[in-house]
Each structure stands twice: as structure tokens, then as C-alpha cells.
Amino acid sequence: MSSVPENMKALRLNKFKENYKLERIPIPKPQGNEVLVRIAAASFCHTDYQVYEGAYHTELPHTGSHEPVGTIAALGPDASKKWKVGDRVGVYLFREPCGSCADCKWYAAEHEGKLNARYCKNKTMGGILKADGGFAEYMISFDDAIMRIPDGLPFEQAAPLMCAGCTMWTAILQAKAKKGSTMAIPRQRFQHGHHSK
Ligand SMILES: [Zn+2]
Ligand SMILES: [Zn+2]
């Protein structure tokens with residue numbers, strides 16, 4: 001087991017539209033099936049800017065970044081045995097579907113009782129809503145919301161794949177593109193104050 005210190009540095013949003021503050025806060029201990037990830041890289045997404053503006057009504061103080069990657073530092077007592085300390089992982093942002101909202105019920109009815117946090121009205125989103133993200137030395141996730149990062153992929157390249165990369169990948173899958181085929185990617189210019197929601 002790698003030893004985990006008591007405290008860590010974290011960039012905290014204390015008030016909407018005010019700069020992050022570099023603070024020292026306690027490192028949470030992983031409970032149940034939670035996983036503590038030691039952050040190696042965490043990227044800044046347009047959504048982080050919306051969190052900063054207050055668009056998600058995030059509870060403050062809050063640590064942003066939903067595009068974190070790193071290594072597992074500690075595991076909760078009930079975490080899946082497929083993970084071990086030192087594994088290179090990325091942290092997925094959508095977590096903990098409630099199972100009882102209309103959208104969860106709709107998804108379950110369509111998918112043999114399964115739930116998908118992306119469609120839940122009461123979901124947790126690490127780094128956006130109800131849970132701290134990766135602008136810190138460590139963050140908590142859980143065993144079902146992390147994915148392996150291949151050894152050959154540098155952390156700083158893996159980080160943006162956790163959100164923007166997933167979005168692109170889904171589009172490529174849905175287009176059923178064959179290996180070697182040409183793809184056109186329209187690029188929309190981002191304007192401050194305009195939210196594409
Ligand atoms: Zn729900
Ligand atoms: Zn994002």
C-alpha cells in the first residue's frame with residue numbers, strides 16, 4: 001500500500017465568479033466501494049467555466065475538473081477486487097443514478113432494469129455537482145466510475161479524453177466509421193457568455 005498523507009493541496013471554488021484558491025484540505029478516506037485516486041493530470045473544460053459561473057448551482061466550496069487521471073492510492077473495503085493500488089485510471093464524471101426519478105425509470109424500462117447516471121435527474125457529477133473533482137492532489141471516485149488508462153498513454157493526453165474525448169468517440173461510434181475512412185469535424189467557435197446546453 002502506498003502511504004496516503006492526511007492533507008492535500010486543492011484548488012477550491014469558494015464563491016461563483018471568483019478565482020479558485022489554493023487551499024490545504026483533508027484527504028477523504030475511501031468508504032464502501034469508493035476509490036481514492038492520486039491525480040496526475042486534470043484538464044479544464046468549458047463546463048468548468050460554467051461551474052465557476054454558477055450555471056450548475058454547485059454546492060460550495062467545490063473542487064472542479066471532471067477530466068482527471070492518475071493512479072489508485074487506496075481502495076474502500078468493498079471496492080471491486082479488479083482494482084489495485086497503483087493502477088493507472090481515468091475518472092468518469094457521471095455517478096450514482098437515483099433509480100427513482102422519471103428519467104431513471106424510463107431508462108430502466110428501456111434497458112432491462114439497468115440504470116445509467118447520464119440520464120438521471122438527481123445524478124452526481126464529480127467535479128461539477130455534489131462531488132469534488134480533480135483540481136487537487138487526490139479525489140474520491142468509486143470502483144464503477146473509473147477506467148483503465150493504457151501504460152503507453154501519457155496522463156496529460158489521457159485527461160481531456162475523459163469528457164471531450166468521450167463526446168467525440170461516441171459520435172465516431174455512432175457514425176459507424178470504418179478504419180481509414182475520412183471524417184469531417186465541424187468546429188464551433190466558443191463565445192464567452194454563450195452556453196451550449
Ligand atoms: Zn434518477
Ligand atoms: Zn467537460
Side-chain angles (χ1 to χ4, degrees), residues 10-13 16-17 19-20 32-34 37 39-70 88-136 138-149 153-174 185-197:
L11 276 181
R12 302 285 275 171
L13 182 67
F16 297 127
K17 301 182 185 176
N19 288 350
Y20 298 143
N33 65 337
E34 289 177 342
V37 178
I39 304 299
S43 43
F44 184 93
C45 173
H46 176 210
T47 305
D48 286 304
Y49 182 71
Q50 292 178 306
V51 170
Y52 159 89
E53 282 196 310
Y56 288 88
H57 307 288
T58 307
E59 275 179 38
L60 301 179
H62 176 77
T63 307
S65 185
H66 52 283
E67 301 181 356
V69 294
R88 301 174 92 238
V89 294
V91 182
Y92 195 51
L93 73 153
F94 294 109
R95 289 163 40 172
E96 290 125 358
C98 73
S100 53
C101 73
D103 292 3
C104 277
K105 285 180 181 156
W106 164 82
Y107 190 91
E110 298 279 318
H111 298 89
E112 296 160 2
K114 289 202 189 89
L115 292 174
N116 186 330
R118 280 163 66 195
Y119 298 97
C120 173
K121 277 194 167 60
N122 308 311
K123 61 184 162 283
T124 295
M125 292 190 281
I128 299 174
L129 205 56
K130 297 186 209 163
D132 284 335
F135 289 150
Y138 294 84
M139 77 173 279
I140 286 279
S141 183
F142 73 99
D143 58 3
D144 204 27
I146 52 177
M147 66 197 78
R148 272 181 216 286
I149 303 290
L153 183 63
F155 281 127
E156 66 275 19
Q157 287 181 21
L161 298 179
M162 303 314 300
C163 170
C166 284
T167 306
M168 300 295 285
W169 180 240
T170 304
I172 291 167
L173 284 183
Q174 297 215 344
I185 301 171
R187 183 170 172 271
Q188 192 179 12
R189 239 193 107 157
F190 166 64
Q191 290 174 314
H192 279 278
H194 172 78
H195 297 149
S196 52
K197 269 182 78 180

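By convention here, the first residue in the shown sequence is residue 1. Ligands are counted one by one from 1 in listed order, and the atoms in each one are counted from 1 as well.
Judged by distance alone, the side chain of S65 and the main-chain N or O of G127 form no donor-acceptor pair under 3.5 Å. Listed for the H62 side chain is no donor-acceptor partner under 3.5 Å among the backbone atoms of L129. Side chain of D132 to backbone of T63: a donor-acceptor contact under 3.5 angstrom is found.
Looking at heavy atoms from C-beta onward, N116 lies out of side-chain contact with H111 at the 4.5 angstrom threshold. Side-chain contact between M147 and V89 is absent, with no heavy-atom pair separated by less than 4.5 Å. Counting only heavy atoms from C-beta outward, the side chains of Y20 and D48 approach each other to under 4.5 Å. Side-chain contact between L93 and M125 is present, with heavy atoms from C-beta onward closer than 4.5 Å.
Geometric assessment of R88 against the ring of F155 yields a positive cation-pi assignment under the 6.0 Å and 45° thresholds.
Sorted by chain and number, the protein atoms of type N, O or S within less than 2.8 Å of the Zn ion (ligand 1) are C98 SG, C101 SG, C104 SG, C120 SG. For the Zn ion (ligand 2), the set of protein N/O/S atoms nearer than 2.8 Å consists of C45 SG, H66 NE2, C163 SG, ordered by chain and number.
Nearest heavy atom pair, residue P68 against residue I39, reads CB-CD1, 3.8 Å.
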